[in-house]
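Shown next, in structure tokens, is the structure this report addresses.
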Amino acid sequence: MEDTKRLRIFSGNANPVLAKEIAAYLGLTVGDAFVGKFNNGEIQVMIDESVRGTDVFIVQPTSYPVNDNMMELLIMIDAVKRASAKNITAVIPYYAYARQDRKTRGREPISAKLMANLLTVAGATRVVTMDLHAGQIQGFFDIPVDNLPGVPTLAEYIMSLQLEDLVVVSPDLGGVSRARLFADRMHAPIAIIEKRRPAPGVAEVMNLIGNVEGKTAVIVDDIVDTAGSLTEGANALTRMGAKAVYACCTHAVLSNPAVERIEKSNITELIVTNTIPMAEGKNSPKIKVLSVAPLLGEAIIRIFGELSVSKLFDN
């Protein structure tokens with residue numbers, strides 16, 4: 001890539017391994033910066049190289065610990081803004097608070113909008129993220145947002161397994177568009193699980209729209225958190241005749257007891273990406289982690305070179 005002198009990649013503490021992979025893909029190294037804490041717990045950031053007039057990309061998913069990682073990102077943006085960076089792109093592979101994108105009852109916040117306001121006020125001039133829980137969150141920003149899909153990366157791996165009699169399953173009515181994109185790549189039919197949530201974090205499968213009998217089912221979702229909905233859906237698919245169940249999720253939050261549930265479930269393999277680092281103790285033989293560094297690296301190349309990002313997904 002030409003003219004990389006004006007391009008800088010920085011990372012907070014959320015996922016430095018992914019930042020290094022992205023930098024390596026671009027033929028660069030991660031910028032020199034200290035991101036730590038003062039004795040009283042406040043975030044301390046020092047950018048130890050000149051960024052004047054450069055295009056800065058800060059790689060920082062806002063995963064656990066969510067609020068620490070969010071504050072690191074905001075303070076890093078402020079630091080490079082005050083150091084006269086020309087453009088500041090927040091590369092947020094996992095966007096926290098995205099499930100709080102609307103009011104479902106009175107006196108609730110819309111936290112996803114608050115996060116957008118904070119990023120904009122801090123000085124970000126662009127945001128790159130992946131598989132927003134709700135695509136309309138892009139409208140919460142007054143700056144450009146590139147919402148990259150995880151489907152191409154996940155679908156490529158599923159195709160490499162050469163599974164037969166595939167059916168792509170949306171775990172709920174809200175995920176039908178994602179399942180349709182996945183199914184189109186696989187040239188497979190889709191099915192939809194109809195469920196209800198009697199309480200937060202609790203899901204009950206009510207019905208299945210479509211046919212899975214004798215087929216290999218692939219559940220496609222954006223987030224796997226406690227894996228309650230995922231494993232319950234997988235069990236329901238088996239009861240309805242699926243001969244095998246795979247699952248694909250972009251963001252592996254994996255709050256306890258997710259890994260235990262997955263290992264005890266009838267899911268053959270859960271395929272996730274490294275938008276969130278796999279924490280110690282979260283590894284499992286059933287979980288396959290794919291890197292999104294090439295995808296994010298290509299997006300950065302196109303943004304830096306003022307080329308179309310959407311062309312990446314035209315096929």
Practice problem: Look at the side chain of K286 and the backbone N and O of S265, then say whether any donor-acceptor pair between them is shorter than 3.5 Å. | Solution: yes
Exercise. Determine whether the side chains of N15 and K20 contain a donor N or O and an acceptor N or O closer than 3.5 Å.
Key: no
Quiz item: Above 12 or not: heavy atoms from other molecules or residues under 6.0 Å from CD of E156?
Solution: no
Practice problem: List the steps, then state whether side-chain contact (heavy atoms from CB on, under 4.5 Å) holds for Y97 with L114. | Solution: CA-CA 9 Å; Y97 293 98; L114 174 61; over 6 Å; no
Quiz item: Is there a path from V121 to I77 through hydrophobic residues (I, L, V, M, F, W, Y) whose side chains come within less than 4.5 Å of each other?
Solution: no
Practice problem: To the nearest 0.5 Å, tell me how far L28 CG sits from I9 CD1. | Solution: 6.5 Å
Exercise. Check the surroundings of atom NZ in K264: do more than 12 heavy atoms from other residues, nucleotides or ligands lie under 6.0 Å from it?
Key: no
Self-check item: Short side-chain to backbone donor-acceptor contact, T125 and I88, under 3.5 Å
Solution: yes
Exercise. Specify the closest pair of heavy atoms between F313 and P152, including all atoms of both residues, with the distance to one decimal.
Key: CD2-CG, 3.9 Å
Quiz item: salt bridge (Lys or Arg N to Asp or Glu O under 4.0 Å): which pairs involve residues 137-148, sequence neighbours left out?
Solution: R126-D146
Practice problem: Sorted by first residue and then second, give each side-chain hydrogen bond (donor to acceptor under 3.5 Å, both in side chains) pair with at least one member in residues 56-66; sequence neighbours left out. | Solution: Q60-E72
Quiz item: About how many Å separate SG of C248 and CD1 of I271, when rounded to the nearest 0.5 Å?
Solution: 4.0 Å
Show every donor-acceptor pair shorter than 3.5 Å between a side-chain atom in residues 128-140 and any protein atom, with sequence neighbours excluded, or say none if there are none.
{"from": "T129", "atom 1": "OG1", "to": "I92", "atom 2": "O", "distance (Å)": "2.7"}
{"from": "D131", "atom 1": "OD2", "to": "G150", "atom 2": "N", "distance (Å)": "3.4"}
{"from": "D131", "atom 1": "OD2", "to": "T250", "atom 2": "OG1", "distance (Å)": "2.4"}
{"from": "H133", "atom 1": "ND1", "to": "D222", "atom 2": "OD2", "distance (Å)": "2.8"}
{"from": "Q138", "atom 1": "NE2", "to": "G135", "atom 2": "O", "distance (Å)": "2.9"}

Quiz item: Do you reckon L73 sits in the same ILVMFWY cluster as V17, going by side-chain contacts under 4.5 Å, direct or chained?
Solution: no
Quiz prompt | Heavy-atom pair of closest approach, residues A293 and S291 | solution = N-OG, 3.1 Å
Quiz prompt | Heavy atoms from other residues, nucleotides or ligands near NZ of K288 exceed 12 (cutoff 6.0 Å) | solution = no
Quiz prompt | By side chain to side chain contact (heavy atoms under 4.5 Å, CB included) - contacts of A191 (at least two apart) | solution = V167, V169, L208, V212
Donor-acceptor contacts under 3.5 Å from residues 31-43 side chains, at least two apart:
{"from": "K37", "atom 1": "NZ", "to": "D68", "atom 2": "OD2", "distance (Å)": "2.9"}
{"from": "N40", "atom 1": "OD1", "to": "E42", "atom 2": "N", "distance (Å)": "3.1"}
{"from": "N40", "atom 1": "ND2", "to": "E42", "atom 2": "OE2", "distance (Å)": "3.2"}

Self-check item: Least distance between heavy atoms, I267 atom then T231 atom
Solution: CD1-CG2, 4.3 Å
Quiz item: Which pair of non-hydrogen atoms, one from A98 and one from A112, has the smallest distance, and what is that distance?
Solution: CA-CB, 4.2 Å
Quiz item: Do L312 and F182 share a hydrophobic cluster, counting only Ile, Leu, Val, Met, Phe, Trp and Tyr and linking them when any side-chain heavy atoms are less than 4.5 Å apart?
Solution: no
Quiz item: In this structure, are over 12 heavy atoms from other groups packed under 6.0 Å from E213 atom CD?
Solution: no
Exercise. Sort and list the pairs that fulfil salt bridge (Lys or Arg N to Asp or Glu O under 4.0 Å) and have at least one residue in residues 294-305, not counting sequence neighbours.
Key: none
Quiz item: Measuring from L148:CG to T275:OG1, what's the distance to the nearest 0.5 Å?
Solution: 11.5 Å
Exercise. May I ask you to test the I301-Y25 pair for a side-chain heavy-atom distance under 4.5 Å?
Key: yes
Practice problem: Determine, step by step, whether V259 and E263 satisfy the side-chain contact (heavy atoms from CB on, under 4.5 Å) criterion, reporting the C-alpha distance in whole Å, the side-chain angles of both residues, the deciding distance to 0.1 Å, and the verdict. | Solution: CA-CA 6 Å; V259 175; E263 289 182 339; 4.0 Å; yes
Practice problem: Using a 4.5 Å cut-off on heavy atoms from C-beta on, say whether the side chain of L18 contacts that of L296. | Solution: yes
Exercise. Consider only side-chain heavy atoms of I, L, V, M, F, W and Y, link residues closer than 4.5 Å, and tell whether F57 and I22 are in one cluster.
Key: yes
Self-check item: Over 12 non-hydrogen atoms of neighbours within 6.0 angstrom of CD in E108
Solution: yes
Exercise. Check whether any side-chain heavy atom of V309 lies under 4.5 Å from a side-chain heavy atom of I303, and answer yes or no.
Key: yes
Quiz item: Do you know which two heavy atoms are closest between A252 and M278, and how far apart they sit?
Solution: CB-CE, 4.4 Å
Practice problem: Side-chain contact test, heavy atoms from C-beta onward, threshold under 4.5 Å: evaluate it for L7 versus I300 and give yes or no. | Solution: yes
Quiz prompt | side-chain contact (heavy atoms from CB on, under 4.5 Å) evaluation trace for I276 with V253 | solution = CA-CA 7 Å; I276 297 173; V253 177; 3.8 Å; yes
Self-check item: Over all atoms of both residues, closest heavy-atom pair of L230 and I219
Solution: CD1-CG2, 3.9 Å
Exercise. Find the distance between CD (Q100) and CE (M115) and round it off to the nearest 0.5 Å.
Key: 8.5 Å
Quiz item: Any sub-3.5 Å donor-acceptor pair from N274's side-chain atoms to V292's backbone N or O?
Solution: yes
Practice problem: Report yes if some heavy atom in the side chain of L119 is under 4.5 Å from a heavy atom in the side chain of L74; otherwise report no. | Solution: yes
Self-check item: OH-CD1 distance between Y94 and I223, expressed to the nearest 0.5 angstrom
Solution: 4.5 Å
Quiz item: How long is the span from the CG atom in L254 to the CD atom in E260, to the nearest 0.5 Å?
Solution: 13.0 Å
Exercise. Given side-chain contact (heavy atoms from CB on, under 4.5 Å), test M186 with M159 step by step and report yes or no.
Key: CA-CA 7 Å; M186 309 300 298; M159 284 190 285; 3.4 Å; yes
Quiz item: Under a 4.5 Å cut-off applied to non-hydrogen side-chain atoms, are R239 and N235 in contact?
Solution: yes
Exercise. Report yes or no: do V51 and V30 belong to one cluster of Ile/Leu/Val/Met/Phe/Trp/Tyr joined by side chain heavy-atom distances under 4.5 Å?
Key: no
